[in-house]
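Structure first, then comments.
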Amino acid sequence: MSEVRLTLRQAPSVALEAPCVRPDAFATLSEAAIARLPVEHGREVVALGEFFDVRGEHADQVRVEGDVRRVKRLGAGMIGGSLIVAGSAGRHTGAGMSGGSLVVEGDADDWTGLGMRGGRLVVHGNAAAAFCGAAPGSSRGMTGGLAFVRGSVGVRVGERLRRGVIAVGGSAGAYAGAHMVAGTLVVRGALGPGAGIGLKRGSIVAGGALELLPTFRYACRYRPGYVDLLFASLERHGFDVGAMAAGAFDRFGGDHADLGRGEILKWTAS
Amino acid sequence: MTDGVPLERRGVAIRDTYAEAFGMRATRLVITAASPRWARIGADALTGFATSVIGCKVEAGVEAELGPSETPDGRPGVSVLLFAFDAAGLGQRVVERVGQTLLTCATAACFDGLPGGTERAPMGEGLRFFGDGFQSSKVIDGRRFWRVPVMEGEFLVEASVGVQRAIGGGNFLILAVDAAAALAAAEAAVDAMRRVRGVILPFPGGVVRSGSKVGARRYKKMVASTNDAYCPSLRGRVGVTSALPDGVHSTLEIVVNGLDRAAIEASLRAGIDAACRPGVVEISAGNYGGKLGKHLFPLHALFAEAAR
């Protein structure tokens, strides 16, 4: 069999922490060994097989089925392989992942992609708060890879982003790209208040409405060359950049309350 | 090396000899701009004065014109190839030339055309300092690009370029009844050879009228001097052993550099075939007895392989 399939028998009564669900780890394990992997159900440590039917072994292609909205840390720390969540995923999905491909076919809960270091993370639905963000108190958020959400995201997407690309097909909640150090955040729709607050370097590409902080200054209207490279890359990965494929951008430099070497590129059709 | 069997195409004899070429390092740059016109202006400027490493330190030329679907940023473009003896020297030339001709060229951007190159040479890494601290970079799909602010907007240039082993100095000679016939044959050959990807013809119009021999008879300081054996005006001169058959009054050379042997062979084959036309007496090739370069291209073998 070329795939390991996990099917949740019934939703756990409290959150189930399952960071053991990693395709790179499954590649070397038998079906029985996978079923014996430890997960935390509340205060108890139990075997993965108590909650999931396990089918398949020795494969780095993994599919998780069932209502796993209360299953946390799926694919956390994964370094390779492919993980597909056939539905909505719980918190911390893909946190700290550094390689491979993780696809959530439904919605993703808070902290998805937290501190992501590499690989490709795709959410077909919406993502809740702190998508590809930073842990509280951490100086770094995402440090590499590509992550995109076809729908909308909650507050603090891409907080303290240091490297990598995040793209959002819908709108973003408050404080998008807060305290970014570098990297690129693309939002096709509207951005909530406080976008780019504390921006040191890096780029926020805003396709929709945006309430700019007063600490950003207008520079010019143009179409930076790298935007077309970036959009071509996103399109290759399956992200539709929509109307931003043409038009120009108003460049606002900031955040001048901080280092001020970042930019918000506000799309305009003209 | 040679087969001793006479070969001709459309009445033109192809001498049983070989072209002698040598190992070089090469890179490919993809230049894009707002329009094909500006991409070509940038490419022509970048590849100017780059005919021979002897005097120009680099050999360069346009490889192909590219449509928007063939370029990284979806704009019209031109790919150019540059050749030098080593990766370090090639990197220096790239930085010099891109800095002087593309940084300055309206709307132009410059990308690595050999992203899989086994060696790397700096490009944007050496040019970013023009930004005086205002430059910034982006990493997209694992490739770093520098954004250098300029008065027009931004100059986008890839941080480094791939370098690979390559071959320089592939050639053939067109021996014709007069200068007009030689030129017409050379033009036909160049048109055919430029349709082959992976090669450039670094000399003006792809043609060399002043083929050279190694060193000089009279001047010690000269590293190359006129190829007297093929100069029609020196036929019969004391001390000159002419290589020109009777009836030949003009010779032109086509020099081709390529990324690999197959590209050079395809180019030579296309060029020689196109050059075999009325007014041409013979096709020959330049070599140094096999002492200069390790890449030999027997002319007859080009067509034997094509026949197979």
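Chain letters run A, B, ... following the sequence lines, proteins first and then strands; every chain starts at 1.
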What part of A:Arg223 is in contact with chain B, defined as an atom under 4.5 angstrom from a non-hydrogen atom: side chain, backbone, both or neither? neither
Is A:Arg261 in contact with chain B via its backbone, its side chain, both, or neither, using a 4.5 Å heavy-atom distance? side chain
So with a 6.0 Å cut-off around CD of A:Glu211, is the heavy-atom count from everything else above 12? no
Verify whether one side chain among B:Glu152 and A:Tyr222 offers a donor that lies under 3.5 Å from an acceptor in the other. no
Roughly how far, to the nearest 0.5 Å, is NE2 of A:His237 from CG of B:Asp141? 4.5 Å
More than 12 non-hydrogen atoms from neighbouring residues, nucleotides or ligands closer than 6.0 Å to CZ on A:Arg150, yes or no? yes
Tell me if the OH atom of A:Tyr175 is crowded by more than 12 foreign heavy atoms within 6.0 Å. no
For the residue pair B:Arg143 and A:Leu229, establish whether any side-chain heavy-atom pair is separated by less than 4.5 Å. no
For chain A, find its close neighbours in residues 42-80 of chain B: heavy-atom separation under 4.5 Å, sorted by number, or none. B:Pro72, B:Asp73
Ion pair A:Glu263/B:Arg147, N-O distance below 4.0 Å: yes
CD1 of B:Ile140 to OG of A:Ser233, rounded to nearest 0.5 Å, is 6.5 Å
Can you confirm whether more than 12 heavy atoms, excluding those of B:Arg261, are under 6.0 Å from its CZ atom? yes
Name, in order of residue number, those residues of residues 131-138 of chain B that have a heavy atom at a distance of less than 4.5 Å from a heavy atom in chain A; otherwise write 'none'. B:Gly133, B:Phe134, B:Gln135, B:Lys138
